[in-house]
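Structure first, then comments.
Since the structure is predicted, the reported quantities are computational estimates derived from the model, not experimental observations. In what follows, chains are A, B, ... by sequence order, proteins preceding strands, each numbered from 1.
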Number of protein chains: 2
Amino acid sequence: MSHSVPALHPIGHLAEATGIKVPTIRYYEQIGLLAPPPRSQGNRRLYPAAAIQRLRFIRHARELGFEIDAIRQLLDMADQPDQSCADADSIARRHLADIESKIARLTALGQEVRRMTEDCSQSSVRQCRVIQVLADHGQCLGEHLPESEKINEK
Amino acid sequence: MSHSVPALHPIGHLAEATGIKVPTIRYYEQIGLLAPPPRSQGNRRLYPAAAIQRLRFIRHARELGFEIDAIRQLLDMADQPDQSCADADSIARRHLADIESKIARLTALGQEVRRMTEDCSQSSVRQCRVIQVLADHGQCLGEHLPESEKINEK
DNA sequence: CTACAATCTCTAGCGACTAGAGAAGCAAGG
DNA sequence: CCTTGCTTCTCTAGTCGCTAGAGATTGTAG
């Protein structure tokens, strides 16, 4: 019997093990975030176990809201454990600042929208506070909302 | 002399008056958010003054984070002032709930990312808290972040 | 042998724009 | 009249991070 089987995983297994969908894994390969694995005779991808770790790293970073480009840099750093981590730290700090500015903007939006709905008398459109405020920007309290980097609401 | 000139505005004037860029105005027309205006002999768009109000409404709603589809509905309602405003109100309330869930999620992300950076000893990657936490999901505190509707970080 | 599942590649779509090419219109100056 | 320069026109493609679908192939269990 052979001792220590290499244990290569098909893409479906990787998806299951990491919670990342199959098409997304292929997409990550396409954009160069994940190295192209060797293939079977039938052209299927066969991943070494290390790919699972890498994908988990990616997934966790995505869950924390890091952009793909930042993750690319973070992965590069993770591959060179002897270098300084100042860059990793600054990527994370920048991301944190980004998150905080989004929170600030959303909080301002939220106040404005809440005020609209609270003042609405629930009668006809003519007296609807929601419509009125939207039509006349001057009726805003907060007025100049923090623009930051156009939060891209969604 | 003619009393009451119709005063039609070229697209550039509209852009200036509303703060919405020229290509965006054309885009709004294309997706049916703004009615196609009459044209000059030379095929230029000539807008009636009412278009400025409409675009201001749109801009304000966009600034408050409403989606195009919601704005479409809100505009329809604004055009029928005698109907009930219950729908407008519920659109705004839904949007508010959306904003609040985003804030909740971003707050959770922010805590996690702040912890990473604060714990980072600023030395080598090997001991870098940022990289470590990303590599090992188990080191997260918050653990299961609110998923809500995949905030689409940007 | 026949289902059926898993995988393959490729293309297109999402939302809300933004950027650019290349052509045409328009006013003022020489 | 002609040129210069500005605005506008249409059209296509790119952004981000996937997701969905078509249609072909491979692998496996009964």
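For B:Asp69, the side-chain contact (heavy atoms from CB on, under 4.5 Å) test picks out B:Arg72, B:Gln73, with sequence neighbours left out. B:Arg94 pairs by the salt bridge (charged side-chain N to carboxylate O under 4.0 Å, His left out) definition with nothing, not counting sequence neighbours. Residues that satisfy the side-chain contact (heavy atoms from CB on, under 4.5 Å) test with B:Gln53, not counting sequence neighbours, are B:Arg56. The side-chain contact (heavy atoms from CB on, under 4.5 Å) test applied to A:Ala70 returns A:Phe66, A:Ile91, not counting sequence neighbours. Remark: A:Ser123 pairs with A:Ser121, A:Gln127 by the side-chain contact (heavy atoms from CB on, under 4.5 Å) rule, at least two apart or across chains. Residues satisfying the salt bridge (charged side-chain N to carboxylate O under 4.0 Å, His left out) criterion with A:Asp87, sequence neighbours excluded, are absent altogether.
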List, one per line, each side-chain donor-acceptor pair under 3.5 Å for residues 15-37 of chain B, sequence neighbours excluded.
{"from": "B:Thr18", "atom 1": "OG1", "to": "B:Leu14", "atom 2": "O", "distance (Å)": "2.8"}
{"from": "B:Thr18", "atom 1": "OG1", "to": "B:Ile20", "atom 2": "N", "distance (Å)": "3.2"}
{"from": "B:Glu29", "atom 1": "OE1", "to": "B:Arg45", "atom 2": "NE", "distance (Å)": "2.8"}

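For B:Arg59 and C:dC17, the CZ to P distance is 11 Å, given to the nearest whole Å. Atom CG in B:Leu14 sits about 14 Å away from atom C1' in D:dT8, given to the nearest Å. Distance, A:Ile31 CD1 to D:dT19 P: 12 Å, rounded to whole Å. Across the protein-nucleic acid pair, A:Asp69 atom CG and D:dC18 atom P stand 13 Å apart, rounded to whole Å. Between A:Phe66 atom CZ and D:dC16 atom C1' there is a gap of 17 Å when expressed in whole angstrom units. Here the C1' atom of nucleotide C:dC17 and the CZ atom of B:Arg62 are 9 Å apart, to the nearest Å. The nearest whole Å value for the distance from the CD1 atom in B:Ile71 to the P atom in C:dG15 is 13 Å. The nearest whole Å value for the distance from the CD atom in A:Glu67 to the C1' atom in D:dT15 is 12 Å.
Under the salt bridge (Lys or Arg N to Asp or Glu O under 4.0 Å) criterion, the residue pairs touching residues 74-84 of chain A are A:Arg54-A:Asp79, A:Asp82-B:Arg126, with sequence neighbours excluded. Applying the side-chain hydrogen bond (donor to acceptor under 3.5 Å, both in side chains) rule to pairs touching residues 33-44 of chain B yields B:Arg39-B:Asn43, sequence neighbours excluded.
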task: Show the numbers, then the answer: is there a side chain to side chain donor-acceptor pair (under 3.5 Å) between A:Gln132 and A:Arg129?
output: CA-CA 5 Å; A:Gln132 279 173 17; A:Arg129 206 72 190 129; 2.7 Å; yes
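Salt bridge B:Glu67/B:Arg62: absent, no basic N to carboxylate O contact under 4.0 Å.
Both A:Arg45 and A:Gln30 lie near DNA chain C, and the one whose nearest nucleotide falls closer to the 5' end is A:Arg45.
Helix bend of the helix from C:dC1-D:dG30 to C:dG30-D:dC1: the angle between its two end axes, each built from five pairs, comes to 30° after rounding to 10°.
The B:Arg39 side chain lies nearest to D:dC9 when the options are D:dC9, C:dC17, C:dT9.
Of the residues in residues 17-28 of chain A, those with a non-hydrogen atom less than 4.0 angstrom from any atom of DNA chain D are A:Lys21, A:Thr24, A:Tyr27, A:Tyr28.
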Could you go through nucleotides 25-28 of chain D and list every protein N or O atom that sits under 3.5 Å from one of its N or O atoms, giving the distance for each pair?
{"from": "D:dT26", "atom 1": "O4'", "to": "A:Arg44", "atom 2": "NH2", "distance (Å)": "3.4"}
{"from": "D:dT26", "atom 1": "O2", "to": "A:Arg44", "atom 2": "NH2", "distance (Å)": "3.2"}
{"from": "D:dG27", "atom 1": "OP1", "to": "A:Gly42", "atom 2": "N", "distance (Å)": "3.3"}

